[in-house]
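Structure, as structure tokens:
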Amino acid sequence: MRKLLFPIIIILATIAIVARLFYLQIIDDSYLKKSDNNALKIVYEYPERGYIYDRTGKLLVANQPSYDIMVIPREIKNLDTLSLCKILDISVAEFNNKIEKAKVYSPRLPSVFLSQLTKREFAVFQEKIRHFKGFYIQKRNLRDYQVDFAGNVFGYIRQVNDNDIKRNPYYISGDLIGIQGVEQAYEEILRGQKGVKYIQKDKHNREIGPFKEGIYDSISEKGKDITITIDGALQEYGEKLMVNKRGGIVAIEPKTGEILALVASPNYDPKLLVGRDRSKNYQQLAELPGDPFFDRVLIGEYSPGSPFKILTGLIGLQEEVIDTNTHFSCSHGFYYSRGAFMKCHDAGSWNLHPAIAKSCNTYFAQTYKRIIDKYSNPKLGMDAWYNHLKSFGLGQFLGYDLPIGRKGQIPNSEYYDKWYPNGGWKGTTTISNAIGQGEITVTPIQLANVMCAVANQGYYYTPHIIKSIEKDHIDKNFVQKKTTTIDKQHFIPVIEGLAEVYRTGTASRLQIPDIAVCGKTGTVENFIKIDGQKKQLKDHSVFLAFAPKDDPKIVVAVFIENGGWGASYAGPITSLMIEKYLKGTITRTDLEKRMFETSLHSEYILKDQVDAEKKAKAKLQAQLKAKQKKING
């Protein structure tokens with residue numbers, strides 16, 4: 001038996017090796033298809049990206065052909081460098097730099113040498129390509145924007161970087177990917193599926209035909225077309241109204257949560273981020289004052305100001321600390337504690353209805369104080385208040401289908417315990433919350449969502465920008481009703497007060513013929529820090545509205561930085577957006593003319609100077625840090 005043991009081991013080992021070789025060579029061809037296999041050439045076919053339409057069926061984004069020159073460094077032979085550089089209009093230094101980058105990526109794999117050739121460059125190079133071994137042309141598709149607006153809605157397309165490739169193995173060097181906006185949010189749907197062909201090569205590196213007769217080849221699948229909820233005409237109109245102003249407009253259909261317009265200002269022409277000049281244009285746009293890539297409607301966090309009084313009133317009714325007949329006296333403000341006076345622009349004795357119409361600080365501050373003081377300690381009152389606000393989508397991500405956003409801030413008892421570790425805080429300590437100042441911050445889209453809940457008398461749908469997907473369904477989350485903690489009956493008197501704002505209140509000069517609008521003006525204090533000192537700038541202008549009153553079809557939230565009173569800029573723009581959507585034409589041409597002709601650039605000079613100084617300091621610090629790192633080695 002001992003004599004047989006060694007031969008048996010040899011035989012078993014041989015069988016195992018042969019079986020493994022048989023499996024690898026006959027059954028499993030995956031190793032042959034590896035992208036760095038010298039015996040194979042892999043050729044990708046890139047699909048056409050899905051088209052984007054607006055809610056009316058208007059084509060917004062299509063495609064145009066593009067050509068990249070690819071290079072495989074180890075296949076370069078007998079290259080006439082000067083001739084190639086002349087054809088492509090690049091310097092020898094640029095050529096060497098691009099080849100070095102390609103070698104770092106992989107000597108054997110293709111990478112982009114020069115992207116997005118013009119038709120002329122493509123034609124000239126194609127004619128001479130046989131002279132440049134190791135180079136070939138890869139056809140792709142670039143975006144063809146049919147409109148010059150909605151850059152913040154669409155986002156843009158760029159080549160993948162190393163991080164993109166590491167995160168997702170679908171992508172390889174030279175692939176394109178959607179960044180920001182709809183392009184990023186629906187990247188996997190829009191991009192389609194790459195096709196691939198495996199071509200076998202002989203020992204002399206010559207192509208000899210399809211690998212395994214093409215059984216592993218696949219054809220590309222076009223990306224799916226999508227229809228977004230944006231109304232193209234309304235979006236374009238909103239961007240025109242916002243020229244020379246900073247801020248944003250959010251318009252939503254309250255019965256569905258569909259976003260009708262999402263205007264961030266300043267904005268940019270999406271065509272600028274297509275083609276060979278994309279990187280240069282991007283850098284120039286990023287350096288503009290106001291930063292067009294900062295989407296103020298999604299990530300701008302501001303104090304909400306007086307529109308927040310709507311919520312204070314609703315919570316007061318729900319908590320039964322006020323009713324519709326509760327009156328508070330106002331003498332251009334009130335003393336809420338010894339030596340502490342909250343100013344108000346009006347005087348009188350008001351119940352809820354006129355308090356909303358006149359935007360009385362005293363009424364809502366008194367209501368807030370009663371909410372917090374209702375409970376045995378202010379912590380319980382603050383958390384009850386917080387939970388009501390949370391049910392409106394405040395203090396959290398809304399869950400919409402765009403890739404950026406901010407939570408804003410709604411303080412609770414834990415927040416104030418950190419600020420006052422020894423206790424002692426109460427309703428009067430936090431009284432500014434009552435009128436949307438204090439520690440509260442929101443994004444414009446959150447404010448619009450709040451108004452949707454008011455228009456619907458207690459519920460809302462998560463705001464979303466996708467309306468339909470070709471041969472697919474949208475996320476079911478967008479068709480599920482979200483309910484607030486406020487009972488339906490409490491919205492009715494508040495809505496009447498909002499209607500009075502347009503009839504006789506702070507927006508009486510903004511009425512639209514034949515449309516009953518419910519709205520709320522807001523004026524938000526605005527500060528900036530200069531060398532550690534707090535300096536007040538012109539107030540922000542805010543306005544929320546929905547219309548028609550009895551059958552709401554549109555909610556609009558407008559936020560204008562440094563715009564002053566709510567009725568000065570945000571209010572007129574809100575009225576115009578509502579009339580444009582509901583009527584299709586404008587009768588308030590007086591408001592339109594003023595909005596088109598007004599510029600607020602002079603209001604932004606100081607802030608721009610401060611921002612520029614901050615950027616310069618940050619850039620210098622980064623350079624010094626990089627220099628120190630290089631010295632340290």
Side-chain angles (χ1 to χ4, degrees), residues 304-330 334 336-337 342 344 349-396 408-417 425-440 442 446-447 449-460 482-498 520 544:
S306 290
F308 197 81
K309 294 170 184 174
I310 299 169
L311 293 168
T312 303
L314 287 168
I315 296 171
L317 291 170
Q318 183 68 33
E319 289 291 321
E320 299 181 340
V321 297
I322 61 168
D323 59 31
T324 55
N325 296 315
T326 302
H327 279 70
F328 293 109
S329 294
C330 175
F334 82 111
Y336 55 89
S337 63
M342 175 180 280
C344 188
S349 179
W350 321 115
N351 63 11
L352 180 63
H353 189 130
I356 293 174
K358 295 180 180 297
S359 196
C360 178
N361 287 347
T362 298
Y363 184 93
F364 294 100
Q366 293 277 28
T367 300
Y368 174 83
K369 184 175 179 296
R370 286 190 178 188
I371 294 167
I372 305 302
D373 293 347
K374 172 185 173 181
Y375 293 83
S376 57
N377 67 66
K379 290 184 181 183
L380 296 175
M382 180 60 67
D383 288 340
W385 174 81
Y386 169 85
N387 288 329
H388 285 304
L389 295 173
K390 191 176 178 181
S391 76
F392 284 84
L394 299 179
Q396 59 193 314
Q409 178 175 270
I410 301 297
N412 55 14
S413 63
E414 184 180 350
Y415 176 91
Y416 287 112
D417 282 343
W425 64 268
K426 51 187 177 180
T428 53
T429 314
T430 62
I431 198 74
S432 293
N433 289 337
I435 57 173
Q437 297 281 174
E439 288 69 53
I440 299 168
V442 298
Q446 287 177 322
L447 278 180
N449 187 64
V450 165
M451 206 57 161
C452 286
V454 175
N456 293 332
Q457 298 182 22
Y459 70 88
Y460 65 89
K482 279 75 177 177
T483 306
T484 72
T485 56
I486 308 298
D487 296 336
K488 182 176 179 178
Q489 69 267 22
H490 297 315
F491 288 90
I492 297 170
V494 169
I495 288 172
E496 288 300 326
L498 295 174
K520 184 72 192 75
L544 301 186

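Both backbone and side-chain heavy atoms feed into the values below; hydrogens, waters and symmetry mates do not.
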Notebook entry, point to check: Within a radius of less than 6.0 Å around CD of Glu439, do more than 12 heavy atoms belonging to other residues, nucleotides or ligands occur?
Noted result: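 For Glu439, atom CD is crowded (more than 12 foreign heavy atoms under 6.0 Å).
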
Note to self: Would you say NZ of Lys482 has more than 12 non-hydrogen atoms from neighbouring residues, nucleotides or ligands within 6.0 angstrom?
What the structure shows: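 Atom NZ in Lys482 is crowded, with more than 12 foreign heavy atoms closer than 6.0 Å.
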
Nearest 0.5 Å please: distance from the [atom1] atom of [X] over to the [atom2] atom of [Y].
X	Y	atom1	atom2	answer
Ile372	Thr428	CD1	OG1	10.5 Å
Asn361	Cys330	CG	SG	7.5 Å
Asn377	Lys426	CG	NZ	13.5 Å
Leu317	Thr367	CG	OG1	8.5 Å
Leu498	Glu496	CG	CD	9.5 Å
Asn433	Met382	CG	CE	6.0 Å

For [X], all residues meeting ring pair (Phe, Tyr, Trp, His ring centres under 6.0 Å), sequence neighbours excluded:
X	answer
Phe364	none
Tyr416	Trp425
Phe334	none
Phe308	none

Non-hydrogen atoms of [X] and [Y] that approach each other most closely:
X	Y	value
Ala384	Glu319	CB-OE2, 4.3 Å
Ser359	Lys520	OG-NZ, 2.7 Å
Ala365	Ile431	O-CD1, 3.4 Å
Pro493	Thr324	CB-CG2, 3.6 Å
Thr362	Cys344	OG1-CB, 4.1 Å
Cys452	Tyr460	CB-CB, 4.4 Å

Testing the 3.5 Å rule here: is there a donor-acceptor pair between the side chains of [X] and [Y]?
X	Y	answer
His388	Thr485	yes
Tyr368	Thr430	yes
Lys309	Ser306	yes

Notebook entry, point to check: Is there a side chain to side chain contact (heavy atoms under 4.5 Å, CB included) between Tyr336 and Lys369 once you walk through the steps?
Noted result: CA-CA 9 Å; Tyr336 55 89; Lys369 184 175 179 296; 5.5 Å; no

Note to self: Consider side chain to side chain contact (heavy atoms under 4.5 Å, CB included). Of Ile310, Ile486, Val442, Ile410, which one does Phe392 pass it with?
What the structure shows: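 Single pass found, and it is Ile486.
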
Checklist line | Pair Leu314-Val454, side chain to side chain contact (heavy atoms under 4.5 Å, CB included): steps then yes or no | finding: CA-CA 9 Å; Leu314 287 168; Val454 175; 4.2 Å; yes

Next item on the list: Check the angle between the aromatic planes of Tyr363 and Phe328 and answer parallel, tilted or perpendicular using the 30° and 60° thresholds.
Entry: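 Perpendicular, since the angle between the ring planes exceeds 60°.
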
Could you check whether any side-chain heavy atom of [X] comes within less than 4.5 Å of a side-chain heavy atom of [Y], counting everything from C-beta outward?
X	Y	value
Pro378	Asp373	no
Ser376	Leu380	yes
Ile495	Ile492	no
Leu311	Leu394	yes

Verify, without hydrogens or angle tests, whether [X] (side chain) and [Y] (backbone) share a donor-acceptor contact under 3.5 angstrom.
X	Y	answer
Asp487	His490	no
Thr483	Tyr459	no
Asp383	Ser413	yes
His327	Asn325	yes

Next item on the list: State which residues pass side-chain contact (heavy atoms from CB on, under 4.5 Å) with Lys390; sequence neighbours excluded, sorted by chain then number.
Entry: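 Partners of Lys390 under the side-chain contact (heavy atoms from CB on, under 4.5 Å) test: Tyr386, Gln396.
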
Next item on the list: Just do the side chain to side chain contact (heavy atoms under 4.5 Å, CB included) check on Leu389 and Ile315 with the steps written out, would you?
Entry: CA-CA 8 Å; Leu389 295 173; Ile315 296 171; 3.7 Å; yes

Note to self: Restricting to salt bridge (charged side-chain N to carboxylate O under 4.0 Å, His left out), what partner residues turn up for Lys379, sequence neighbours left out?
What the structure shows: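 Once residues adjacent in sequence are excluded, the partners of Lys379 under the salt bridge (charged side-chain N to carboxylate O under 4.0 Å, His left out) criterion are Asp417.
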
